[in-house]
Amino acid sequence: MEPTESVTAVYEVKGMTCGHCEGAVSEEISSLGGVTSVEAVAATGRVTVSSKAPLAEDAVRAAVDEAGYELVGRAA
């Protein structure tokens, strides 16, 4: 069995204030193809996404928009 490689990216999202916000953002990003895990933290505005391959930022932006929040971009 081959080892599974995964790519992790951290994004900054504006507007998350609570656990419900974290869940909404996580749910939308999780629906993107290849995503294996999502961890959203409202306190920091950071969303850590693991996926099988790098994700297109516009796809992540669309998912965050769909959840009702604003993707600032990749976290520094």
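What you see below is based on every heavy atom in this structure, not just the backbone, and it leaves out hydrogens, waters and symmetry mates. All values derive from a computational prediction rather than experimental measurement. Start at 1 with the first residue, then count along the sequence.
The heavy-atom pair separating Ala67 from Glu28 by the smallest distance is CB-CG, 3.7 Å. The minimum heavy-atom distance linking Leu55 with Gly33 is given by the pair CD2-O, 3.9 Å. What you find for Tyr69 and Gly15 is that their closest heavy atoms are CE2-O, 3.4 Å. Heavy-atom minimum distance, Met16 versus Ala40: SD-CB, 4.1 Å.
Here CD of Glu70 is found 10.0 Å from CD of Glu12. Values are rounded to the nearest 0.5 Å. Taken to the nearest 0.5 Å, the CD1 atom of Ile29 stands 11.5 Å off from the CZ atom of Arg61.
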Open item on the list: Run the side chain to side chain contact (heavy atoms under 4.5 Å, CB included) test on Val49 and Val60 for me, step by step, so that the C-alpha distance in whole Å, both residues' side-chain angles and the decisive distance to 0.1 Å come before the verdict.
Closed with: CA-CA 10 Å; Val49 182; Val60 176; 5.5 Å; no
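Side-chain atoms of Glu57 and Leu71, non-hydrogen and from C-beta on, do get closer than 4.5 Å to each other.
Listed for the Glu22 side chain is a donor-acceptor partner under 3.5 Å among the backbone atoms of Ala42. A donor-acceptor contact shorter than 3.5 Å links the side chain of Thr36 to the backbone of Ser50.
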